[in-house]
Undergrad: 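There's a structure below that I have some questions on.
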Amino acid sequence: MANLEAGMSSDGAAGGEYQVFLSFRGPDTRHGFTDCLYHALVGAGIRVFRDDDELRVGEVIGGELLRAIDNSILYIPIFSRSYATSKWCLRELTRIVENTDASNRSEGIKKKILPIFFDVEPEDVKLKTSLYRDALLEHEKKVPEEVEAWRKALVQVDEIKGWNLNKDEGQGHLIKLVVEEVLDNLKIKHKPVTEHLVGLPDRVVDVMKLLDINSGDVRLIGIHGMGGIGKTTLAKVIFNQLSSHFGKRRSFLEDIREESRKDSLVKLQEKLLSEIINSKVIERIPDADYGMRRTGEILCNKMVLIVLDDVDKGEQIEKLLGKYSLYPGTRIIVTTRNTGVLQIKGFKYTVLPYQMEELNFNHALQLFERHAFGGDSPSHDHRILAREIVSTTGGLPLALEVIGSLLYRKPRAIWSETLEKSREIPENEVQRKLKISYDALDDYQQQIFLDIACFFINEDTTNAIYMWTECQFFPEGGIDVLISMSLIKILDNRRFWMHDQLRDLGREIVHKESLTDPGERSRLWISEEIHEILRTKESKKKVQAFDLDGKYTPILITDKQLERFRGLRFLKLCDVTFIGDFSDCLSKIRWFCWHSPPQSFWAVNMHSRNIVVLELSDNHFTDDSNVWSLMKMATKLKVLTLKKCFGITRTPDISKCLMLERLTLERCDNLTEIDCSIGRLRCLIDLNINGCSRLEELPKEAGGLENLKRFSLTDCYRVSKLPDSIGKLASLMELFLSNMRVTSLPDSICRLKYLSSLYVSRMPITKLPDSIAALVKLKSLSLISTEIRELPISIGKLKSLHVLDFSCKMIPILTGKRWKLPNAIGMLENLEEIHAERCEELEGKIPDEVGNLLLLRILNLSDTRIDAMPSTISMLPRLQELDLSRCHEIKELPKLPTSLICLRVESRSLLLVPNLSNLTNLEELLLSDGSRYMNGSDLMQTSDLSWIGRLSKLNKLELRLWNNPTPPTELSSLILLEELTLSSLDLQPLEQLPSSLLELRLDNFNSTRSLSSNLRSLSILKLCGSRVKEIQLHGLLQLRNLTVECCELLERLSILSSLKNLIYIRVCKCSQLVDIQFHGVMESLQYLSIEDCESVERLHAEVSNDLESTSELAFCGERVSILSTALKKLKECSLVSCGKLLEIQFVGMLESLEYFLLYHCHAITRLGGLANIKNLRHLAIGMCSQLRVVEGLDKLEILDELNIFGCYSLERPIDAWTTKIPDECRIYFTNCGELLVSDPVGDNNVPFERYKEMILRGTADTQSETKNSELETEKEAKMKGDAKEHETELQLQFQPSTSSRDHEIIEEPPVDHVRERTSPGEQNQTTEQDSNPISLNELAPPRTFSDRFKTCLVSILECICNRDFPRFKGEIL
């Protein structure tokens, strides 16, 4: 039976099993152009059919081949020289033409032919030459009855515009054109967009022109228009079209207006950072201001595509994008109803506006009919009604979709009634038109719609369905109706979605229930309104639900207040507490969600018989009985969620909650015991116990949960044993166990006959029980970061297993016990994935039986001690990924299966470079002898790598082979190659590289001559370990990022102005580098970093003008002047460990420079001209021990952050009286000569305003000290004559001490003149007293104690900074 090669994507497409059918002559193109095209299409998410010759049996197209042609939407015949000699090619073509003709006559999907002329001309196909004409004459001798149809098909297809490979650009470029055309025809999207897009193409073209994706600047486009007009849909279409250009560096932030109201902007900032960085770990943002700085730091370094959807305030744009410059090439799309938000005061960029107009009548009618009629054929009367209804909608897509969905298959009377209603509503009143559909809902469906609009958008559906079911709203059917009427959607993660216009409609309906009195409305979600009506004494019987957030200011609700809300069924509270007797207040509550209640709790009898969902989180009650009182009588409870309830120590008897289906105990840190009554919860289907760090065991009664389907026990660090009764969980399907002290799984686990997923992670389990073989329905077995060092032989009986994961995701746990994979693994006939990465004690040969795993797709053995692969691995027909990275025991490889797409091999023991010429499907290849870990290689001989040219689908290639010659010409034939790393090879014969390259890394290279020839698309270049003395770069027109590192012999680096797109340069660890030359103005350079280049003496740019050539950027005797003309767009500059640098002077206005770092430049003495960097925001100077002068620091008016440390010779550079440094600038000073330490107590940044006060206070103290010193001197002079009478003065002397103290203070009786302003009479009165010793505390201070203490503290800190320890001791005393 033939294997069908069909690339599958996750996106569906109407019209069939396949989307594209490739028709080609195998001997001509199968292993070349067709292969490349096929994988390019599959990589773009397109389902492609590529037939095998084995399918061609007999003389008639049938079976799978026929279905593939009939079900495809697009056809790509590849006409080659022998195409017409194949009867099967001609039969396929005839069937293709028949299909497209039929689709053109029908109202359904239009099919299309996209021909490619490969090494032939259109005239050949049109039978005007002998090439195809002679072939048909030969066919007439054998099958004359078919030839005429073939002839017509050839002529017809030739009339269609296609691609001519002889005349168009190279194969790689043509493939990209084909993929783009296919994507455009199929409308495959990355953001979900409705299928019925009408009237958008012209608008897409308009916005794309404004975006001008090929220009290197930054573009911000603001799409504005009324709600429901299609702004978000347009933004999604454009986002999808541009996604491939930006890769993973893109983000679509939806519904910003609503999200910012709920959670400020912090959640959106976290989401943006997560998506742009492409990290699953979400960075926590403490506040929006920090988030703005953080996003700014990221976005200034990455070319990104961002959509900000439904913005209603200009500050939202600024907070989400930050204040820094955006990376060149970045595109931002903003959608808004208000054009005013696009004018942002002080924002660096201008937002270009684009106004969304309503659909014209024809497009509006087309959209309406698609929803109103579907695939039905409407009557004449219905068509007339449709035109009249459309004329009343104002061309708004949302209204057309909603009203059309409402009328689908409804009788004519409903159509007429809807028309009359619509005529009464002005065209611009969108919500009133949408309300027509709302009015068509029954009462229960309306209640569900309003609940979603007010509370549950983007919330999980589970709890809401429980509540609506208990209220008898019949949610299952109601939700289906809302979906079918286009009023809501259920997203893939089971969350509700609703268009913002429909959300506003729902909230407006609630608002109009009472325009003046919120207490007369059914739902309340504005905290201020709720807080206000709580104070009134009127009854609020109509209120069904409210969401009250105290916003960190606790609110107290009394029983009398809540008693007035008799109809309340949904109550969500944050920072709210209660006082009083609530025995008769919560009778109708179905869902109670209580977040962050204060510790104080004065309520009694707070319980409800009808509650079905109870959620408590961030609870600090000291008495856990307060929590349990809420569920005391909750016999109908279905969902109980307790998160961060730190006062809970044990669960109570919950046997009365017999209806409970879902129980979550999460981060209840003081929970030590779970009551045995949990075993009586016969209805429980989901149990989640997570992060309860003091819980030590589970009750054995938990085995009574006979209907439990999912059980998760994670991060309960003290649990050391699982009860044997776990085997009684007869219905369990998913079991998750993680981060506990459990050392073994109970044998009873074998009785879980329905278990399909077992996840065990970060536990000291040493082995699996043999009884695990009884889990016959187990599909996924994960043993991650455990101490298991042997799989039982019985594992081979897990016939249903799809995924086996025993990797070590964290730091490997080494037990000293080596182990091997058992032969029984070959019995897992349904196994698709094996993950063993970082299992450092897994050794030996992979068993031959692995060849029996015919469904295996992924085999990851990286960072293991595996030393051999079996020859049977070639028998795995579906293996796509084989990872042997850092498997340093492997000496050689056997023949590998041709199905491989990704192969990584890296071993220090590798003896022979394998010939991989048969792996023609490879897209990623790493081949290394481990020479980067050692200076040499175990390779027995150099190998011929000419076979590499046959891997035509390669997208990423990394070769690290010691002294192995690089194939001179074969690399250039890899027309799809985008990333290339060549390390440790002999690169001397390297002649030409593929023009498709985007990223290139060369290690230990001898020449860069080949880099300038044809690398038109190269964006990133990394040169490491050079053996050359000079590097010259030219001709790399698209180069954006240049890194030169560890080139120990390099003396000169030349960079030409022809590198117009060069943005980033980093030069590091080039110890002999003396000269860096910029030839001309660097128009795009924004980031320059020179690190650990101790010998650099010259950094200069020669800028030509009409009169002469001048050197504008130069080290002159190790003194550098940085001018604005040569580096006019420079944003960040770092000079680190440049040991010969003596002085830096900024000359001219460097308006773009925002960040400057000077670090570890020991010889530098002066930094001048900072006043010329008007936009500098970050300045860091560290460990420059000889630096004395920093000029212009006072003039930096928008500085955000200033760090100076370890500059011991620095003179005070700031005049606190005249400085322009903003007060909010964060500063950090320490160990810097005359500079005061910024934070004497801690090690933190402080606002400059606070530091300035310290400077001024220190000046005042110094002046006061001087004045007091003068007074003391004058007083002493007047009293010299009385010296003999008053010889006893207080003296502080350091004396050696034998005690634990370092020094002892010797006191002598003080003279009375040390007291300020003491009269002779007073002196006489105190003489007798003063003859006795007194303490220092009795001395009258010259000023207040506070002033004196501050002065002493400053002096002490100055002593520390200057290392003046004798003075330090005196100041302390």
Undergrad: Compare every heavy atom of D618 with every heavy atom of H595, then report the nearest pair and how far apart it is.
TA: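 Minimum heavy-atom contact is CE1-OD2, 2.8 Å.
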Undergrad: Would you compute the distance between atom CG of L775 and atom CG of L781 and round it to the nearest 0.5 angstrom?
TA: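 The CG atom of L781 is 8.5 Å from CG of L775, to the nearest 0.5 Å.
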Undergrad: Roughly how far apart are L568 CG and L562 CG, rounded to 0.5 Å?
TA: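 CG of L562 is found 6.5 Å from CG of L568.
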Undergrad: Can you pull the side chain to side chain donor-acceptor pair (under 3.5 Å) pairs that have at least one residue in residues 765-778, sequence neighbours excluded?
TA: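 Matches after skipping sequence neighbours: none remain.
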Undergrad: Measure the shortest side-chain to side-chain distance between I726 and F711 over non-hydrogen atoms and say whether it is less than 4.5 angstrom.
TA: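 Yes, their side chains come closer than 4.5 Å.
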Undergrad: Run the ring-ring contact (aromatic ring centres under 6.0 Å, His included) test against Y466 and tell me which residues pass, sequence neighbours left out.
TA: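 Y466 satisfies ring-ring contact (aromatic ring centres under 6.0 Å, His included) with no residue once adjacent residues are dropped.
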Undergrad: Suppose we screen for side-chain contact (heavy atoms from CB on, under 4.5 Å). Which residues come up paired with T461, at least two apart in sequence or across chains?
TA: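 Checked T461 against side-chain contact (heavy atoms from CB on, under 4.5 Å); matches are I465, I490, R494, F496.
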Undergrad: Within this structure, what is the CD1-CG distance for the pair I678 and D675, rounded to the nearest 0.5 Å?
TA: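 CG of D675 is found 9.0 Å from CD1 of I678.
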Undergrad: With salt bridge (charged side-chain N to carboxylate O under 4.0 Å, His left out) as the rule and sequence neighbours excluded, what pairs involving residues 587-605 come up?
TA: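 Sorted pair list comes back empty.
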Undergrad: Can you list the residues that meet the side-chain contact (heavy atoms from CB on, under 4.5 Å) rule with S655, with sequence neighbours excluded?
TA: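 Only D653, S677, R680 meet the side-chain contact (heavy atoms from CB on, under 4.5 Å) criterion with S655.
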Undergrad: Quick one: closest heavy-atom pair of I533 and P518, and the distance?
TA: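 Between these two residues, the closest heavy atoms are CG2-CB, 4.0 Å.
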Undergrad: Flag the pair L758 / I749 as yes when at least one side-chain heavy-atom distance between them is below 4.5 Å, and no otherwise.
TA: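 Touching, per the 4.5 Å side-chain cut-off.
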Undergrad: When rounded to the nearest 0.5 angstrom, what is the spacing between CD1 in I795 and CG in L801?
TA: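 Rounded to the nearest 0.5 Å, the CD1-CG separation comes out at 6.5 Å.
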Undergrad: Just wondering, do L804 and L791 contact through their side chains at under 4.5 Å, heavy atoms?
TA: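 Counting from C-beta outward, L791 and L804 do come under 4.5 Å.
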Undergrad: Are side-chain heavy atoms of S780 and L778 found at a separation under 4.5 Å?
TA: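 No, their side chains stay 4.5 Å or more apart.
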Undergrad: Between the side chains of W468 and D451, is a donor N or O closer than 3.5 angstrom to an acceptor N or O?
TA: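 There is such a pair (donor and acceptor under 3.5 Å, judged by atom type) between the side chains of W468 and D451.
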Undergrad: More than 12 heavy atoms of other residues, nucleotides or ligands under 6.0 Å from NZ of K728: is that the case?
TA: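 Check fails, neighbour count at 12 or below.
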Undergrad: Contact between Y717 and M740 at the side-chain level, heavy atoms closer than 4.5 Å - yes or no?
TA: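 Contact flag for Y717/M740 side chains = no.
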Undergrad: For a quick check under 3.5 Å, do E529 and H531 share a side-chain donor-acceptor pair by atom type?
TA: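 Side chains of E529 and H531: no pair found under 3.5 Å.
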Undergrad: My understanding is that only residues two or more places apart in sequence, or in another chain, count here; which of them pass ring-ring contact (aromatic ring centres under 6.0 Å, His included) with F570?
TA: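 ring-ring contact (aromatic ring centres under 6.0 Å, His included) check on F570 returns F455, F456, W591.
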Undergrad: Yes or no on side-chain contact (heavy atoms from CB on, under 4.5 Å) for T577 and W602, after CA distance, side-chain angles and deciding distance?
TA: CA-CA 8 Å; T577 192; W602 301 283; 4.3 Å; yes
Undergrad: I'd like to check the side chain to side chain donor-acceptor pair (under 3.5 Å) partners of R535; sequence neighbours left out, ordered by chain and number.
TA: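 None.
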Undergrad: Go through the steps to decide whether N458 and D255 satisfy the test side-chain contact (heavy atoms from CB on, under 4.5 Å), and finish with yes or no.
TA: CA-CA 10 Å; N458 205 34; D255 208 5; over 6 Å; no
Undergrad: With side chains defined as the heavy atoms from C-beta onward, is the minimum distance between T295 and L273 less than 4.5 Å?
TA: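 Yes; the side chains approach each other to less than 4.5 Å.
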Undergrad: L745 and L768: side-chain contact (heavy atoms from CB on, under 4.5 Å), yes or no, with the steps?
TA: CA-CA 7 Å; L745 297 177; L768 288 175; 4.0 Å; yes
Undergrad: Can you pull the side chain to side chain donor-acceptor pair (under 3.5 Å) pairs that have at least one residue in residues 741-755, sequence neighbours excluded?
TA: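 Sorted result for residues 741-755: empty, none.
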Undergrad: Quiz question: by atom type and distance under 3.5 Å, do the side chains of D805 and S807 form a donor-acceptor pair?
TA: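 The criterion, which ignores hydrogens and geometry beyond distance, is satisfied for S807 and D805.
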Undergrad: Kindly indicate whether the side chain of L614, heavy atoms from C-beta on, has any atom under 4.5 Å from the side chain of L637.
TA: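 Answer yes - side chains close enough.
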Undergrad: Indicate yes or no for a side-chain donor-acceptor contact from S782 to the backbone of I784 under 3.5 Å, with no hydrogens or angles considered.
TA: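 Pair absent, no side-chain N/O of S782 close to backbone of I784.
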Undergrad: Residues two or more places apart in sequence or in another chain: which of them pass side-chain contact (heavy atoms from CB on, under 4.5 Å) with E734?
TA: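 For E734, the residues satisfying side-chain contact (heavy atoms from CB on, under 4.5 Å) (neighbours in sequence not counted) are R710, F736, S757.
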Undergrad: Any side-chain to backbone donor/acceptor pair from Q544 onto R569? Under 3.5 Å, distance only.
TA: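 The answer is no, because no donor-acceptor pair under 3.5 Å joins these two groups.
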Undergrad: Can you list, pair by pair, the side-chain donor-acceptor contacts under 3.5 Å of residues 685-702, counting residues two or more places apart and other chains?
TA:
| unit_1 | atom_1 | unit_2 | atom_2 | d |
| --- | --- | --- | --- | --- |
| N690 | OD1 | T714 | OG1 | 2.8 |
| R694 | NH1 | N670 | OD1 | 3.4 |

Undergrad: Does the pair F578 and L573 meet the rule for a side-chain contact (heavy atoms from CB on, under 4.5 Å), with working shown?
TA: CA-CA 11 Å; F578 300 93; L573 303 174; 3.2 Å; yes
Undergrad: Minimum heavy-atom separation for L684 and R662, please, with both atom names.
TA: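 Between these two residues, the closest heavy atoms are CD1-N, 3.6 Å.
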Undergrad: Evaluate the criterion salt bridge (charged side-chain N to carboxylate O under 4.0 Å, His left out) for residue pair D549 and K572; output intermediate values, then yes/no.
TA: CA-CA 8 Å; D549 189 347; K572 184 177 181 181; over 6 Å; no
Undergrad: What are the two closest non-hydrogen atoms of L268 and S260, and how far apart are they?
TA: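 That closest heavy-atom pairing would be CD1-N, 4.4 Å.
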Undergrad: The test is salt bridge (charged side-chain N to carboxylate O under 4.0 Å, His left out); show your working for E270 and R294 and say whether it passes.
TA: CA-CA 10 Å; E270 290 177 346; R294 188 74 183 101; over 6 Å; no
Undergrad: Mind jotting down which residue pairs meet the salt bridge (charged side-chain N to carboxylate O under 4.0 Å, His left out) criterion with at least one end in residues 711-725? Sequence neighbours excluded, please.
TA: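 For residues 711-725, and leaving out neighbouring residues, the salt bridge (charged side-chain N to carboxylate O under 4.0 Å, His left out) pairs sorted by first residue read D715-R762.
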Undergrad: For K319, is there any backbone N or O sitting under 3.5 Å from a side-chain donor or acceptor partner on Q269?
TA: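 Yes, because the side chain of Q269 sits within donor-acceptor range (under 3.5 Å) of the backbone of K319.
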Undergrad: When rounded to the nearest 0.5 angstrom, what distance separates CG in L640 from CD in E615?
TA: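 CD of E615 is found 9.5 Å from CG of L640.
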Undergrad: Between E661 and K709, does at least one N-O distance fall below 4.0 Å, as a salt bridge requires?
TA: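 Not counted as a salt bridge, because no side-chain N and carboxylate O are separated by less than 4.0 Å.
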Undergrad: Kindly compute the distance separating CE (M292) from CG (D287), expressed to the nearest 0.5 Å.
TA: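 Going from CE on M292 over to CG on D287, the span is 9.5 Å.
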Undergrad: So with a 6.0 Å cut-off around CZ of R495, is the heavy-atom count from everything else above 12?
TA: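 Yes, because the 6.0 Å sphere around CZ of R495 holds more than 12 heavy atoms from other groups.
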Undergrad: Where do V576 and L548 come nearest, in terms of heavy atoms and distance?
TA: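 For V576 and L548, the tightest heavy-atom pair comes out as CG2-CD2, 4.0 Å.
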Undergrad: Is it the case that the side chain of R682 and the backbone of G704 share a donor-acceptor pair, with hydrogens and angles ignored and the cut-off at 3.5 Å?
TA: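 Yes: the side chain of R682 pairs with the backbone of G704.
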Undergrad: Please check this pair: side chain of T664 against backbone of L642, looking for a donor-acceptor N/O pair closer than 3.5 Å.
TA: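 Not confirmed, T664 side chain does not pair with L642 backbone.
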Undergrad: Mind listing the closest non-hydrogen atom pair of C683 and L658 along with its distance?
TA: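 That closest heavy-atom pairing would be SG-O, 3.5 Å.
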Undergrad: For D581, check side-chain contact (heavy atoms from CB on, under 4.5 Å) against everything at least two apart and list the hits.
TA: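 In terms of side-chain contact (heavy atoms from CB on, under 4.5 Å), with neighbours along the sequence ignored, D581 is linked to D559, S583, V604, N605.
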Undergrad: Counting N and O atoms only, with roles assigned by atom type, does the side chain of S756 sit under 3.5 Å from a partner on the main chain of M733, one being a donor and the other an acceptor?
TA: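 Here the side-chain-to-backbone pair exists.
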Undergrad: Using atom types as modelled and distance alone, determine if a side-chain donor or acceptor of K540 lies under 3.5 Å from a backbone N or O of E538.
TA: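 Checking the backbone N and O of E538 against the side chain of K540, a donor-acceptor pair under 3.5 Å is found.
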Undergrad: Do R507 and W525 have side-chain heavy atoms sitting under 4.5 Å apart?
TA: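 Answer yes - side chains close enough.
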